[in-house]
Amino acid sequence: MKTPRELKVKPIRNGTVIDHITANKALHVLKILGLPSKEAAVTIAMNVKSAHIGAKDIVKIEGRELQSREVDKIALIAPNATINIVREYEIVGKGKVKLLNNVNGLLICPNPNCITNTNEPVISKFHVIDTEPLMLRCYYCERIMNNKDMETQFKQN
């Protein structure tokens, strides 16, 4: 009987590993981070078995450490994700994403008539009204945004 050959994912030398991403959300995480790009090699594992959450996704980004604004965006898509900073093949920093009570300047309000979608110099603001499932309310027009809306409403910057 032939034994299946085990394939291993190469460890990254420097960069970021995003673990415990909600299953099937890795591609959304890549989109909000502007990946893939020519500057960073990316490895994705989707629907990996997990003893804690059943199934999860993992994203490894070689040569890039995330900014706090990017981590805040990930918290909206994958509120249980962990961020590991890797330097010289060693984890030098580990933390969980934290969902903020107010989300400012990260999302575009889905209401086309909202003042944030005009030429006025107004930064979008949302208040978290529920976490399971995630629901936000626009500070200006009071439009409710759910998790599905958020996947397409991130500001690109």
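Positions are given from 1 along the sequence.
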Knowing that exactly one of Ile61, Ile58, Asn84 qualifies, which makes a side-chain contact (heavy atoms from CB on, under 4.5 Å) with Ile18?
Ile61

Taking a hydrophobic cluster as the set of Ile, Leu, Val, Met, Phe, Trp and Tyr residues connected by side-chain heavy atoms closer than 4.5 Å, whether directly or through intermediates, do Tyr89 and Ile91 fall within one such cluster?
no

CG (Asn101) with more than 12 external heavy atoms under 6.0 Å
no

Any idea which heavy atoms bring Lys98 and Ala75 closest together, and the distance?
O-CB, 3.7 Å

Checking Asp57 side chain against Lys25 main chain: does a donor-acceptor pair fall under 3.5 Å?
yes

How close do Ala81 and Ile74 get, heavy atom to heavy atom, and via which atoms?
CB-CG2, 4.1 Å

Evaluate the criterion side chain to side chain contact (heavy atoms under 4.5 Å, CB included) for residue pair Asn146 and Leu134; output intermediate values, then yes/no.
CA-CA 6 Å; Asn146 64 31; Leu134 184 58; over 6 Å; no

Nearest-0.5 Å distance, CG of residue Leu100 to CG of residue Asp72
4.5 Å

Starting at CE of Met135, measure out to CD1 of Ile129 and round the result to the nearest 0.5 Å.
4.5 Å

Do Val71 and Leu27 share a hydrophobic cluster, counting only Ile, Leu, Val, Met, Phe, Trp and Tyr and linking them when any side-chain heavy atoms are less than 4.5 Å apart?
yes

Glu39 and Arg64: CA distance, side-chain angles, deciding distance, salt bridge (Lys or Arg N to Asp or Glu O under 4.0 Å) verdict:
CA-CA 8 Å; Glu39 294 80 38; Arg64 179 170 164 190; over 6 Å; no

Starting at CD1 of Ile123, measure out to OH of Tyr139 and round the result to the nearest 0.5 Å.
12.5 Å

State the CD1-OG1 distance between Ile77 and Thr22, to the nearest 0.5 angstrom.
8.5 Å

Any chance you could lay out the side chain to side chain contact (heavy atoms under 4.5 Å, CB included) test for Ile44 and Leu30, step after step, and finish with the verdict?
CA-CA 9 Å; Ile44 306 167; Leu30 292 180; 3.0 Å; yes

Might you work through the side chain to side chain contact (heavy atoms under 4.5 Å, CB included) test for Thr82 and Val97, ending with a clear yes or no?
CA-CA 6 Å; Thr82 56; Val97 298; over 6 Å; no

So which heavy atom on Cys138 is nearest to which on Cys114, and how close?
SG-SG, 3.7 Å

Using side-chain contact (heavy atoms from CB on, under 4.5 Å) as the criterion, point out the one residue from Val59, Val86, Ile85 that pairs with Thr16.
Ile85

When rounded to the nearest 0.5 angstrom, what distance separates OH in Tyr140 from OG1 in Thr118?
10.5 Å

His20 and Asn80: side-chain hydrogen bond (donor to acceptor under 3.5 Å, both in side chains), yes or no, with the steps?
CA-CA 6 Å; His20 301 100; Asn80 298 313; over 6 Å; no

Do Val103 and Leu66 land in one hydrophobic cluster if side-chain heavy atoms of ILVMFWY residues count as linked below 4.5 Å?
yes

Does Lys96, at its NZ atom, have more than 12 non-hydrogen atoms belonging to other residues, nucleotides or ligands within less than 6.0 Å?
yes

Looking only at heavy atoms, what is the nearest atom pair of Arg69 and Gly105, with distance?
NH2-O, 2.5 Å

Using the rule that two of Ile, Leu, Val, Met, Phe, Trp, Tyr join whenever any of their side-chain heavy atoms come within less than 4.5 Å, decide whether Ile32 and Leu99 are in one cluster.
yes

Run the side-chain hydrogen bond (donor to acceptor under 3.5 Å, both in side chains) test on Asn111 and Asn117 for me, step by step, so that the C-alpha distance in whole Å, both residues' side-chain angles and the decisive distance to 0.1 Å come before the verdict.
CA-CA 8 Å; Asn111 178 0; Asn117 290 322; over 6 Å; no

Can you measure from CG (Leu107) to NZ (Lys125) and round to the nearest 0.5 angstrom?
14.5 Å

Is it true that Glu88 and Arg13 have a side-chain N and a carboxylate O under 4.0 angstrom from each other?
yes

Side chain Glu70, main chain Gln67, donor-acceptor under 3.5 Å:
yes

Please answer whether the main-chain N or O of Cys109 pairs with a side-chain N or O of Ser124 as donor and acceptor at a distance below 3.5 Å.
no

For the residue pair Asn47 and Ala23, what are the closest heavy atoms and their distance?
OD1-CB, 3.5 Å

Co-membership, hydrophobic cluster, residues Leu35 and Val17, 4.5 Å side-chain:
no

Worked check of side chain to side chain contact (heavy atoms under 4.5 Å, CB included) between Lys56 and Lys49:
CA-CA 7 Å; Lys56 66 179 180 177; Lys49 288 185 181 177; over 6 Å; no

